[in-house]
Amino acid sequence: MKFDTILVLDFGGQYCHLIARRVREHEVYSEIVPYDITPNQIKVLGEKFNIKGMILSGGPSSIYEENAPRCSPDFFNLNIPILGLCYGHQLIAFFFGGKVEPARTKEYGISYAVVDSPRSLLKDLKENQKVWMSHGDTVYELPEEFEILAHTKNCPIAAFKHKEKPICGLQWHPEVIHTENGTAMLRNFVFEVCGCEPNWMMEDFVTRAINEVRRIVRNGRCVIGLSGGVDSSTATILASRAVGKNLAAVFVDHGFMREGEPDFIQNFFKKFDISFLSVDARRRFLHKLKGVTDPERKRKIIGEEFVRVFEEVAEKIEADYLMQGTIYPDRIESGFGKHSEKIKTHHNVAGLPTKIKFKEIVEPLRDLYKDEVRKVAEKLGLSKQIVQRQPFPGPGLAVRIIGEITQGKIDVVRKADRIVTEVIEAGKLNESLWQYFAVLTDSKTTGIKGDARAYGYTIAVRTLESKEAMTANFAKIPYEILEKISTRITNEIPEVTRVVYDITHKPPATIEWE
Ligand code: XMP
């Protein structure tokens, strides 16, 4: 079955994923593609998806810049509905001969739009709308064949539609939550303008994924790297439903797991009838990391060593197929990101460069976002303990120890992490937080312990609110909770003399310190 699909053309905007996710919240499938995709490539995609609309994303460029990204003008004649957002909105105006200029007054943040015509995208919306803007250029004039749907104080054409073709634009960002009725605007585009059917549902997904795995693997042997995170756990259960005893799940303990984690994972998966192999590789990893302080080198060494251990096991058990818990953002981020900078080398099983020749790599979750994976995990009957686990980086606590990693430091950060977890969970804050953890900084500071001078480590506490980790806010948790964390860490971990709270959003910081 082909799903009704909205393509999001990526012009380098930081909100591309948000657009796709927001579309999917309406049970309509959405796929991100590079802005320079050709009409021919769209035709090929059309064999797999029922393409009902395209959204041109925002982006950091100005359309008049040399090499400004532009999509094929042929798209405007395909009769596929098109919505331009921010840069996309300006690009449509530019293509049709409108006047786009640097904004006389730039708008960043909340703005108030006046709806001049509550139709099309803005159907049924009230006259005054709180919207979120972030733009340097503005559309000042449009040709006759367009009509204006809304304006703001500084932006005369903040929303428009073509009079005959299904083409429209919004200067603001309906995908960010600060645009109060952004969901309704996208819903209007998806259903009113594109006429999509809401048929992208997680119930069907499970059956489809199991059938797909069976069709590929048949009677072959399959191996999966199981870290205990929600992605690999979900992929493991899905795969075991599909191929039963022909699946082997391999847990590699690199020594940077949280307290009790290796046992928890082993015990948890014992309940399922899955062949589970645990490999103790702690000494190997620590040895490789001796003297290494550069964060990217650490990540690379851990990633490579992981692959080596995993390959040794896969070779021993003679696996034919490699199953991975790769999800959609992993795939997109390692794919075409022409306009996005590489920030850090994310390590997880995704992207294993395999020496071993597997017949095929199977990635049943490759089209899903994290929140969709959580829904699948629930459908598969995985308990809350797994479904609601915080995301945990592949290199584990190693990226939460600044500077050289030693066993002593691992022990300190592990204890601090346990305390943060216990206090947050006792305060019932865990369900509203995206992540909460401790970082061992490389600063030592003076303190007093038991009436004597002490010189010890500084622990940083980080707690965050986020929807998908692309952006995140530090959480404004109560001082009493912070006080409990700080008191317990300094009391229970003799090596620590100071606790600080990280009050940086992402961006500009990243979630993990390294
Ligand atoms: P950053 O630090 O890039 O993190 O803002 C974004 C999210 O990704 C998690 N993270 C990782 N996940 N392998 C993973 O599977 C990694 O190497 C990795 N590094 C960071 C991080 O915890 C946050 O949720």
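Numbering of ligands and ligand atoms starts at 1, following listing order.
- The residue from Ala469, Gly396, Ser232 that puts a heavy atom closest to atom 7 (C) of ligand 1 is Ala469.
- Heavy-atom contacts of Pro391 reach the following atoms of ligand 1: 24 (O) (cutoff under 4.0 Å).
- Among the candidates Lys370, Arg366, Glu31, the single residue satisfying the side chain to side chain contact (heavy atoms under 4.5 Å, CB included) test with Tyr328 is Glu31.
- Every atom of ligand 1 with a heavy atom of Arg299 under 4.0 Å away is listed here by number and element: 16 (C), 17 (O), 18 (C), 19 (N), 20 (C).
- Looking only at distances, a side-chain donor or acceptor of Glu404 sits under 3.5 Å from a matching main-chain atom of Gly291.
- For ligand 1, the atoms closer than 4.0 angstrom to any heavy atom of Lys506 are 1 (P), 3 (O), 5 (O), 6 (C).
- Against a heavy-atom cut-off of under 4.0 Å, Pro395 is close to the following atoms of ligand 1: 16 (C), 17 (O).
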Might you work through the side-chain contact (heavy atoms from CB on, under 4.5 Å) test for Lys444 and Thr458, ending with a clear yes or no? CA-CA 6 Å; Lys444 281 198 150 187; Thr458 306; over 6 Å; no

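- Heavy atoms of other residues, nucleotides or ligands lying less than 6.0 angstrom from CD of Glu483 number 12 at most.
- Of the candidates Val399, Thr510, Ile511, Thr471, it is Ile511 that places a heavy atom closest to atom 4 (O) of ligand 1.
- Nearest-residue assignment for atom 11 (C) of ligand 1 (options Pro393, Ala398, Ala472; heavy-atom criterion): Pro393.
- Heavy atoms of Trp434 approach ligand 1 to within less than 4.0 angstrom.
- Checking side-chain atoms of Thr179 against main-chain N and O of Asn181 turns up no donor-acceptor pair under 3.5 Å.
- Heavy atoms of Gln390 come nearer than 4.0 angstrom to ligand 1 in no pair at all.
- Listed for the Gln390 side chain is a donor-acceptor partner under 3.5 Å among the backbone atoms of Tyr436.
- Residues Thr445 and Tyr457 have side chains that never bring a donor and an acceptor to within less than 3.5 angstrom of each other.
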